[in-house]
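Positions are given from 1, in the same order as the sequence printed here. Each ligand, and each atom within it, is numbered from 1 in the order the structure gives.
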Amino acid sequence: MFSHLPAPTSDPILSLSTAYRADQRANKVDLGIGVYKNSQGETPVMKAVQKAQDIVVATQTTKAYVGLAGCEEFNQSMVDLLLAGTSATERVTAIQTPGASGALRMLADLMRFAQPDTTVWISNPSYVNHKPIMEAAGLKVRYYSYFSPVTKQVDVELMLSDLAGAGRNDVVLLHGCCHNPTGADIDFAAWQAITALAQKNGFTPFVDIAYQGFGDGLEQDAQGLRFMADNLEEMLITTSCSKNFALYRERTGAAMVVANNITDANNAKGKLLTLARATYTMPPDHGATLVKTILQNQELTQLWKQELSEMQQRLLNLRKTLCNELRNKHNTSQFDFIANHKGMFTVLGFSPEQMSALREQYGIYGVADGRINIAGLTEKDIPYVAQAIMNVS
Ligand code: LMR
């Protein structure tokens with residue numbers, strides 16, 4: 001059965017964490033996987049999460065099964081965080097999923113069932129797991145133009161002209177904020193323009209928002225998605241608590257279906273539940289229970305929002321400090337774009353060979369596509385990283 005299998009290939013992001021751990025160099029820097037680190041280089045459990053954990057440990061009386069959709073109060077909290085104030089709250093259903101990757105797969109399986117000849121359009125480039133997940137569900141994938149290697153920003157004109165070719169059987173996958181891998185986001189006017197195209201040509205937008213709160217703030221980061229949900233009959237959404245609640249290993253996410261009416265949305269949810277049953281039965285509960293506990297408690301919600309905003313501000317400062325170091329010490333404005341990017345990531349515009357030089361010569365681990373995780377930097381790494389960037393550029 002197995003003798004014809006090819007040798008395994010390693011995951012372009014997760015393999016970096018393993019290689020980083022095995023690296024013996026004292027000055028190594030992990031800018032690979034999308035994990036936030038504080039100025040001590042640690043990824044601590046957030047205080048709001050610790051407090052919620054204390055409450056859950058003190059009050060939880062059973063570990064019996066929850067249900068196929070996971071924790072429904074968590075699902076409602078996720079809907080509120082993303083869609084509050086829109087008409088979509090009346091015609092959306094949600095299920096809890098094992099992280100956002102689990103949510104992507106569940107919605108991909110739903111598309112395959114509901115509209116088997118769906119083509120999913122993804123940005124060029126996109127999150128490395130988007131294409132494999134869509135293809136694993138049997139869907140066709142094609143790219144739309146997104147990032148300009150020259151300006152290091154989104155080429156909105158080219159993007160819109162590509163998306164003008166998407167029609168009824170197409171789904172357009174967008175990043176809600178903090179584009180992964182580039183860090184270059186579309187502005188509100190572009191969200192409006194894509195919504196108008198969807199109304200005219202009939203494609204369905206699918207918004208993957210895994211970094212809400214890391215760009216311009218919790219509310220601002222959901223603005224484009226909310227406009228779309230308010231103005232379109234159908235839409236798909238995936239979200240994650242990995243980053244904004246720092247619950248990475250707890251695999252806490254949600255998949256949502258916005259439909260023309262609540263009956264359609266409920267039917268979509270019913271199908272999602274049978275798909276979940278055939279895949280993992282039900283999602284892990286711990287992370288969702290913690291999030292629910294935080295979001296149902298005003299004091300904990302405040303604490304969480306404050307912690308999240310501190311992380312977001314620190315990311316902005318790290319971006320600024322790295323730019324200033326490159327500008328002032330190395331006299332180059334070539335990397336000024338780093339300060340304008342949003343969220344954890346930035347694409348440096350380096351080739352795979354340059355990224356491997358960063359890793360091999362300097363112990364700086366970024367992804368082969370040129371992505372570095374700004375949230376993996378500590379303030380003390382910045383002079384070393386800036387020097388290495390200059391040396392390989
Ligand atoms: C990343 O892009 O680094 C994260 O989203 C981790 C992952 O699951 O790939």
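- Under a 4.0 Å heavy-atom criterion, Arg371 is in contact with ligand 1.
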Could you give the side-chain donor-acceptor pairs of residues 6-15 under 3.5 Å, partners two or more places apart or in another chain?
from  : atom 1 : to    : atom 2 : distance (Å)
Asp11 : OD1    : Ile13 : N      : 2.9
Asp11 : OD1    : Leu14 : N      : 2.7
Ser15 : OG     : Asp11 : O      : 2.5

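- Within the 6.0 Å centre-distance limit, the rings of Trp304 and Phe245 are counted as a close aromatic pair.
- Relative to the ring axis of Phe337, Lys320 does not place its NZ or CZ within 45° and under 6.0 Å from the centre.
- When only interatomic distances are considered, the shortest N/O to N/O separation between Ser101 and ligand 1 does not fall below 3.5 Å.
- The shortest distance between side-chain heavy atoms of Gln387 and His330 falls below 4.5 Å.
- A salt bridge is defined here as a Lys NZ or Arg NE, NH1 or NH2 lying under 4.0 Å from an Asp or Glu carboxylate O, and Asp369 with Arg371 fails to meet this definition.
- Aromatic ring centres of Phe147 and His179: separated by at least 6.0 Å.
- Among all non-hydrogen protein atoms, the one lying nearest atom 4 (C) of ligand 1 is Lys243 NZ, 3.1 Å.
- Residue-level proximity to ligand 1 for Asn180 is carried by the side chain, the only part with a heavy atom below 4.0 angstrom.
- For a threshold of 3.5 Å applied to N or O pairs, the pair formed by Gly34 and ligand 1 contains at least one separation below that value.
- Ligand 1 lies less than 4.0 angstrom from a heavy atom belonging to Tyr211.
- Here Ile13 has side-chain heavy atoms under 4.0 Å from ligand 1, and that is the only part of it that gets that close.
- Shortest contact from atom 9 (O) of ligand 1 to any protein heavy atom: Tyr127 OH, 2.9 Å.
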